[in-house]
Amino acid sequence: MSLRDGWSFETLHADYAQALKVETLLYDSETEHQRLRVFENNRFGRVLTLDGVVQTTEGDNFIYHEMLTHVPILAHGAARRVLIVGGGDGGMAREVLRHADVAHVTMVEIDAGVVEFSKQYLPGLSQGAFDDPRLELVIADGADYMRSARESFDVIIIDSTDPVGPGEVLFTDSFYGHARERLAEGGILVTQNGVPFLQPDELTNTLRAFKALFRDWGCYLASVPSYAGGPMAFGWATDGEARRTPVDVLRRRYEAAGLACDYYTPEVHRAAFALPGYVRKLLPRG
Ligand code: SAM
């Protein structure tokens, strides 16, 4: 990403860029792994970028974090142990920890700098999640952790950067194979899988791996304004039946959890799995 004439240009794609006005540049530094920036934008609030790519914003992170947590957790219905890979800003942990029945959250983040920095500059994202006694923060490469861990999880959430730089290893067949081994019976794996209109191969590659590994695989969608290019895809994989959970059961679980979301509803949950033609065409065949 380049800062030019008071704008931040995100150049994740070779031929498409989005620009956000930088009202105030609050932080700009290299960590051991990536370039960390946060700036104020009048429409999105504080914006976090890593290696120039928008990671999350105060204004619209609720959509992404609600859909990558409450969909698998409410579909599962009895999640007690959750694993988050990535998620250094704390927003994913915030939403998972809203579920009082979740007893333990392991968060494996490669860059301690993102965590420390987010606590200081983006406290509105984690909202105290890092202080929750149920959260265990592990600073490590998620691929190394998944390969060597022995714990089982009911829900695994891959909240990584895009498959460039440190995030690349989190989009491989071997990583997904190790993730499957870490799932308890009926467990669900969900992944941040980019914007299919601009990153079609990313989705197809992940789902090809899921198809080979899991009985039920697919994706669901949500539009996140700061992830430019149309709806974002979330990979879904499980050997269980959770995808078929009826809306009335989701509604009962949603209300029992005392959630009051700004994007997620049980109806949106089910509708998110209805895929438009151009996304269906990206699903691996055969
Ligand atoms: N919402 C964002 C998105 O959709 O791109 C993701 C946000 S979160 C900040 C992404 C996190 O993944 C970052 O904190 C980054 O340090 C972490 N990360 C990248 N590669 C990783 C790896 N191999 N293991 C663990 N964490 C990783």
Side-chain angles (χ1 to χ4, degrees), residues 1 9-18 30-37 48-57 61 64-65 67-68 72 83-89 91-92 107-111 113-114 139-147 156-180 182 188-214 217-224 226-237 275 278-279 281-284:
M1 174 186 73
F9 289 85
E10 179 191 77
T11 50
L12 176 60
H13 309 291
D15 44 15
Y16 175 91
Q18 75 168 337
E30 287 284 347
T31 73
E32 182 193 347
H33 297 281
Q34 46 211 345
R35 181 69 178 264
L36 252 174
R37 273 196 187 124
L48 166 64
T49 68
L50 291 177
D51 289 340
V53 179
V54 171
Q55 295 298 307
T56 194
T57 82
N61 81 86
Y64 171 82
H65 290 122
M67 288 302 281
L68 212 41
L83 170 62
I84 299 168
V85 175
D89 53 75
M92 204 62 72
M107 180 172 150
V108 183
E109 163 57 54
I110 197 168
D111 194 334
V114 177
I139 299 301
D141 182 315
D144 294 341
Y145 176 86
M146 206 67 92
R147 187 174 39 251
I156 297 178
I157 300 169
I158 313 304
D159 177 19
S160 71
T161 44
D162 290 283
V164 285
E168 196 165 0
V169 293
L170 306 180
F171 290 81
T172 61
D173 294 20
S174 59
F175 175 70
Y176 296 136
H178 291 138
R180 184 171 189 279
R182 301 277 56 80
I188 302 167
L189 167 65
V190 290
T191 58
Q192 179 282 99
N193 247 106
V195 172
F197 185 78
L198 295 174
Q199 300 159 290
D201 295 346
E202 183 180 315
L203 180 61
T204 303
N205 293 338
T206 291
L207 295 185
R208 185 176 296 118
F210 284 9
K211 183 171 187 286
L213 288 165
F214 293 92
W217 57 275
C219 66
Y220 57 104
L221 305 177
S223 289
V224 183
S226 60
Y227 298 154
M232 164 174 239
F234 304 108
W236 165 278
L275 303 179
Y278 80 95
V279 176
K281 284 178 187 160
L282 297 174
L283 303 183

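For clarity, every value in this text was computed on a predicted model and none was experimentally measured.
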[X] versus [Y], closest heavy-atom pair with distance:
X: S223; Y: P231; value: OG-CA, 3.6 Å
X: P196; Y: V279; value: CG-CG2, 4.1 Å
X: P72; Y: M67; value: CD-O, 4.1 Å
X: I158; Y: M146; value: CD1-CE, 4.2 Å
X: F214; Y: A237; value: CD1-CB, 3.4 Å

Residues forming a salt bridge (Lys or Arg N to Asp or Glu O under 4.0 Å) with D144, sequence neighbours excluded: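 In terms of salt bridge (Lys or Arg N to Asp or Glu O under 4.0 Å), with neighbours along the sequence ignored, D144 is linked to R147.
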
Sequence-distant partners of E30, salt bridge (Lys or Arg N to Asp or Glu O under 4.0 Å), two or more places apart: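 Listed in chain order: R35.
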
Just so I know, are the side chains of [X] and [Y] near enough to count as touching, which here means a heavy-atom distance under 4.5 Å?
X: V53; Y: D162; value: yes
X: T161; Y: H33; value: no
X: I156; Y: V190; value: no

Applying side chain to side chain donor-acceptor pair (under 3.5 Å), can you list everything that pairs with [X], at least two apart in sequence or on another chain?
X: T206; value: Y176, N193
X: Q34; value: D111
X: D141; value: none
X: R182; value: none

Measuring from [X]:[atom1] to [Y]:[atom2], what's the distance to the nearest 0.5 Å?
X: T57; Y: L48; atom1: OG1; atom2: CG; value: 10.0 Å
X: Q192; Y: L68; atom1: CD; atom2: CG; value: 8.0 Å
X: L282; Y: F197; atom1: CG; atom2: CZ; value: 11.0 Å
X: Q55; Y: N61; atom1: CD; atom2: CG; value: 12.5 Å
X: T191; Y: D159; atom1: OG1; atom2: CG; value: 10.5 Å

Verdict with reasoning, V195 to H13, per side-chain contact (heavy atoms from CB on, under 4.5 Å): CA-CA 11 Å; V195 172; H13 309 291; 5.9 Å; no

Set of residues satisfying side-chain contact (heavy atoms from CB on, under 4.5 Å) with respect to [X], sequence neighbours excluded:
X: P284; answer: L207, R208, K211, W217
X: A228; answer: Y16, Q18
X: A140; answer: V108, V138

Which residues share a ring pair (Phe, Tyr, Trp, His ring centres under 6.0 Å) with Y227, sequence neighbours left out: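 Counting only residues at least two positions away or on another chain, Y227 forms a ring pair (Phe, Tyr, Trp, His ring centres under 6.0 Å) with Y64.
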
Ring pair (Phe, Tyr, Trp, His ring centres under 6.0 Å) against Y145, all qualifying residues, sequence neighbours excluded: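 In terms of ring pair (Phe, Tyr, Trp, His ring centres under 6.0 Å), with neighbours along the sequence ignored, Y145 is linked to no residue.
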
Derivation and outcome, side-chain contact (heavy atoms from CB on, under 4.5 Å), residues T56 and H65: CA-CA 10 Å; T56 194; H65 290 122; 3.6 Å; yes

Residue pair L12, Q199: steps toward the side-chain contact (heavy atoms from CB on, under 4.5 Å) verdict: CA-CA 10 Å; L12 176 60; Q199 300 159 290; 3.7 Å; yes

Under 3.5 Å, side-chain donor or acceptor atoms of residues 167-175 against the rest of the protein: list the pairs with distances, not counting sequence neighbours.
from : atom 1 : to   : atom 2 : distance (Å)
T172 : OG1    : V169 : O      : 3.2
T172 : OG1    : S174 : OG     : 3.3
T172 : OG1    : F175 : N      : 3.1

